[in-house]
Amino acid sequence: MAQVQLNVNGKAYVVDADPQMPLLWALRDLIGLTGTKYGCGIAQCGACTVHLDGKATRSCSVPLSAVGSKAVTTIEGLSPDGRHPLQLAWQEEDVPQCGYCQSGQIMNAAAFLKQNPSPTDEEITRAMTGNLCRCGTYQRIHKAIRRSLTVKP
Amino acid sequence: MNRRDFIRSSALTGGGFMLSFHITAHPALVAETETETAALGDFLQISPSGEVLFQFVKHEMGQGISTSMAQIISEELCADWEKVKVVFPLADMKKYQNDRNGGHDTGGSCTIIYQWDLLRKAGATARQMLVHAAAAQWKVAVGDCYAEKHYVIHRPSSRRLSFGELANVAARQPVPTDVTLKDQKTFDLIGKPKAARLIPAMVTGALQYGLDVQVPGMLYAVIARCPVFKGKLKRFDATQAMKVKGVKKVFTTKPIAGLQTETPFMPHDIREGVVVVADSFWAAKQGREALKIEWDEGVNAHASSEDFEKLAARRAQQRTAPTGYVGDENAVADISRVRKTLRASYVFPHQLHACMEPLNCTARVTPDGCEVWMGSQAPNLIVTEIQRVFHFREEQVKVHLFPSGGGFGRRYYPDMAIEAVFIARETGTMPVKMIWTREDDHQHNLAHLFQHMEYQAALDKDNNLYAWCEKEIRTYTWGAKYANPELPAMAYNIPNVRYDFEDMIPDELVHSSAWRGVVGHGRFFSECFVDEIAAELKVDPYTFRMALLKEEKDVYVGGEHPVSGSRLRKVLSLAAEKAGWGKTLEPGQGMGVAASPYGNSYCAVVAAVTVREGKLTIDKLTVAVDCGRVINPSGADNQIVGGLVWSLTALLYGGLPIKNGRALHTNFHQNKLMRMDECPPIEVHFIESRDERPWGIGEISSPLGVPAVLNAIFAATGKRIRKIPVTKEVLS
């Protein structure tokens with residue numbers, strides 16, 4: 001066990017944890033931010049996607065020791081009021097069904113759009129292909145990402 | 001019929017009122033032999049702030065039912081949709097009396113069917129009380145007052161009072177015994193697309209699923225379960241596991257292993273195993289990895305899915321007595337009439353549910369009772385099973401209900417609650433969250449039943465389809481002796497139809513269960529065999545189906561609803577028209593169609609595919625649906641699309657390969673699900689229905705993607721594929 005410092009959503013935390021513990025479980029079980037979901041534990045589904053210094057990262061496969069001073073952003077910290085253009089577009093397009101994978105989908109899309117603010121349809125598909133949705137909401141996710149580009153928060 | 005309508009109003013301590021509800025369901029939906037009452041329990045609260053809390057007692061698992069139920073009640077209440085909130089009450093067996101019309105149970109695409117009348121009456125009752133409250137306050141005639149958008153308005157004077165302002169007065173109103181439902185022509189919420197009620201909480205990470213619950217002082221547990229079905233624990237050594245920092249306790253699940261529910265149609269599989277309890281999930285998982293376990297793998301030690309399939313194929317050849325038949329049961333073998341017989345075997349292997357939220361349950365056991373936190377499709381079963389297994393009284397079992405990240409039939413079974421309560425009891429009085437890892441989910445979970453379908457068709461000398469014979473071998477029967485329906489669920493005009501059934505439960509490799517599309521997807525291969533017959537006769541498959549379907553002809557196949565030839569024709573022709581059926585295609589392209597009833601809903605799917613150099617691309621699915629009245633077109637579209645993506649995953653990647661008794665797939669890198677880059681555009685069209693009531697929508701499309709695409713592959717390549725998944729090897 002070790003004292004690990006984390007910077008999550010602009011706040012400093014110190015957690016007492018095994019440095020090998022994946023960031024996902026520190027976020028969920030130690031800090032209490034449960035918007036980041038466990039889906040597979042092996043970076044195959046994307047449900048646990050957070051931003052590390054703005055980059056979309058599968059938190060289930062990043063040990064705490066590798067996080068260091070990097071800024072962690074979770075779905076709870078994506079926008080102060082839940083009105084990020086993607087969050088609004090998700091509502092307008094009625095995207096989620098069970099909703100479980102959607103925080104990961106949104107976090108992945110948000111990081112992608114930062115890098116590529118005017119993507120082609122194919123680029124959106126390619127960027128989102130690492131995120132699984134068992135309810136099959138892909139068509140609407142794609143539409144909502146497109147729509148978010150015109151949504152004003 | 002002895003009607004026992006019963007609605008109770010109670011004033012709330014914080015102001016406003018709550019309606020509780022017991023009501024006779026629509027007589028058309030209740031057989032005389034069944035219980036006549038159904039309950040919504042405490043279903044609706046209206047507070048002085050004007051907030052309407054809709055107590056949602058069913059299970060929300062992505063099917064959008066909390067939204068469509070809220071739409072129905074808000075419509076009749078004349079509420080402002082923005083002021084209606086969905087809340088999740090505790091499981092309560094008395095309030096939410098469980099039967100097919102009410103209670104907590106959620107499955108079989110039934111909820112909307114049985115809640116429709118109840119919710120309308122509930123909303124109308126509350127509306128009427130608010131209107132009466134306003135009339136009393138203004139001292140005017142009730143007939144001059146009406147409700148609109150969260151207000152009651154006095155027509156002659158245009159005075160208005162909000163629902164919030166009226167809540168306290170309404171609380172003192174007698175409950176009307178006779179309420180007037182809205183004229184369906186005036187509906188302005190039912191039939192309008194509405195975004196799911198829970199989305200704001202979903203997209204901000206605020207929505208709590210069962211796995212997210214945080215109970216102070218909570219510990220975590222994982223179980224190392226025997227990897228082989230019916231295997232047992234021989235011995236284990238926890239020395240190394242106990243050395244993992246954070247690990248608190250290690251013990252076996254032997255006392256609960258193999259326990260079955262009292263409900264014969266919901267059998268489950270609690271495997272023998274070793275529990276590791278720790279102060280974090282991570283430590284528990286590390287502890288599990290450090291266990292040394294020896295299993296007695298038992299009868300399935302050398303079992304494989306390959307051998308199982310062969311066994312099923314042999315059984316399919318055995319002569320059995322028919323479960324049901326129409327005409328001459330031996331017509332297919334009548335050589336005086338039959339010119340040619342066609343025969344084909346189709347296989348639908350076991351399939352995982354792979355709910356995105358892994359199974360989990362949090363429990364605490366104290367001397368006073370037991371508390372459970374989870375998402376469940378059958379909280380009633382959770383309460384009764386915990387009571388029975390752990391000897392509690394009903395009032396000692398408190399179940400907190402959460403939405404789930406996918407249910408698909410898997411969350412109907414109470415096994416995870418029994419595991420968690422057992423673990424909590426053995427651990428002490430602390431709450432324990434038990435989590436199935438994704439590997440657990442893949443390696444020893446319940447799975448969709450295996451089906452082998454053996455078809456025969458007989459053509460007479462004039463090339464008429466004279467007889468159809470179908471034998472089904474499957475691994476799950478919901479406790480029934482035979483599968484339901486007892487005949488193929490087709491409305492095709494065939495003079496002789498026979499259906500045989502055999503179960504393979506004793507030979508099982510895994511424990512089979514319900515899945516999305518409860519009745520078993522394999523039975524929908526009949527739509528492929530129909531195609532085979534059309535091909536033999538060199539008739540276009542769509543034309544062939546339409547010729548076999550008679551207008552205004554209902555066919556009784558068993559079960560609740562007859563299969564309507566007219567409704568099938570309508571969905572078929574709409575899907576074909578929208579898909580451009582019959583248009584000229586490029587080489588390597590093909591279109592296939594499949595249509596079927598599900599409950600009393602109807603669906604047809606046209607698949608367009610391209611197969612080039614052994615590579616399959618699904619270009620588009622075009623769908624037509626008749627589900628009666630559509631409550632929420634956006635949610636309904638989501639369900640149809642989602643069901644088809646589900647179907648395409650089974651088509652491309654499904655199956656649960658087993659060798660030496662062990663599941664070979666351990667996680668999503670091996671058990672693949674369809675991803676965005678493979679997902680075709682799916683276009684859904686709803687039939688403008690004359691029906692005034694809604695029918696189920698959550699499962700109807702899920703079995704149809706497979707036969708539609710297989711038929712399209714045949715049209716594109718001439719290759720008939722009779723087993724899924726469709727791998728590259730199969731196509732090349």
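Throughout, a chain's letter reflects where its sequence line sits, starting with A, and its residues are numbered from 1. Remember, predicted model here, so these are calculated numbers, not experimental data.
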Under a 3.5 Å threshold, yes or no: a donor from one side chain and an acceptor from the other, between A:His51 and A:Thr57?
no
A:Arg126 portion near chain B, given a 4.5 angstrom heavy-atom threshold
neither
Counting heavy-atom pairs under 4.5 angstrom with chain A, the leader among B:His669, B:Gln63, B:Lys245, B:His442 is B:His669
If you tally heavy-atom pairs under 4.5 Å between each of B:Pro358, B:Ala206, B:Pro680 and chain A, the highest tally belongs to B:Pro358
Begin with the C-alpha distance, continue with both residues' side-chain angles, and end with the deciding distance and a verdict on side-chain hydrogen bond (donor to acceptor under 3.5 Å, both in side chains) for B:Asn638 and A:Thr137.
CA-CA 7 Å; B:Asn638 262 339; A:Thr137 63; over 6 Å; no
For chain B, which candidate among A:Gly35, A:Gly32, A:Gly39 shows the most heavy-atom pairs at distances under 4.5 Å?
A:Gly39
Interface moiety of B:Pro193 toward chain A, non-hydrogen atoms closer than 4.5 Å
neither
Test item: side-chain donor near acceptor, A:Gln44 and B:Asn667, under 3.5 Å:
no
Engaged part of A:Trp25 at the chain B interface, taking heavy atoms whose separation is under 4.5 Å
side chain
Any Lys/Arg nitrogen of B:Glu439 or B:Lys285 sitting under 4.0 Å from an Asp/Glu carboxylate oxygen of the other?
no
Under a 4.5 Å heavy-atom cutoff, which of A:Ile106, A:Ile42, A:Leu78, A:Asn131 has the most pairs with chain B?
A:Ile42
Where on B:Leu644 is there a heavy atom nearer than 4.5 Å to chain A: the side chain, the backbone, both, or neither?
neither
Going by atom types only, do B:Tyr220 and A:Asp29 share a side-chain donor-acceptor pair under 3.5 Å?
yes
Reported CG-to-NE2 distance for the pair B:Asn445 and B:His353, which is rounded to 0.5 angstrom:
7.5 Å
Pick from B:Ala201, B:Ser280, B:Pro200, B:Gly643: which one has the most heavy-atom pairs with chain A under 4.5 Å?
B:Pro200
Quick check on the interface: out of B:Val641, B:Val645, B:Leu648, who has the most heavy-atom pairs with chain A under 4.5 Å?
B:Val645
Assess the side chains of B:Gln670 and B:Thr666: does a donor N or O sit below 3.5 Å from an acceptor N or O?
yes
Ranking A:Glu93, A:Gln102, A:Gln20, A:Met21 by heavy-atom pairs under 4.5 Å to chain B gives rank one to A:Met21
Do other residues, nucleotides or ligands put more than 12 heavy atoms under 6.0 Å from A:Gln5 CD?
no
Whether B:Thr106 side chain and B:His59 backbone form a donor-acceptor pair below 3.5 Å
yes
Testing the 3.5 Å rule here: is there a donor-acceptor pair between the side chains of A:Thr74 and A:Asn9?
yes
Under 4.5 Å from any heavy atom of chain A, what part of B:Asp637 do you find: side chain, backbone, both or neither?
both
Check whether the side chains of A:Arg58 and A:Thr49 place a donor and an acceptor atom closer than 3.5 Å, and report yes or no.
yes
Pairs of heavy atoms under 4.5 Å with chain A: top-ranked of B:Val213, B:Leu207, B:Thr204
B:Thr204
Side chain, backbone, both or neither of B:Glu357 within contact of chain A (heavy atoms, under 4.5 Å):
both
Can you say whether the rings of B:Phe88 and B:Phe56 are parallel (under 30°), tilted (30 to 60°) or perpendicular (over 60°)?
perpendicular
Greatest number of non-hydrogen atom pairs under 4.5 angstrom with chain A, of B:Gly205, B:Pro403, B:Ala283, falls to B:Gly205
At a 4.5 Å cut-off on heavy atoms, which part of B:Met61 comes close to chain A: side chain, backbone, both, or neither?
backbone
Side chain from CB out, backbone as N, CA, C, O: work out which of these in B:Thr437 comes under 4.5 Å of a heavy atom of chain A, or both, or neither.
both
Find the one option among A:Ser103, A:Pro96, A:Gly82 whose heavy-atom pairs under 4.5 Å with chain B are most numerous.
A:Pro96
Who among A:Ser79, A:Ala26, A:Pro22 has the most heavy-atom pairs with chain B under 4.5 Å?
A:Pro22
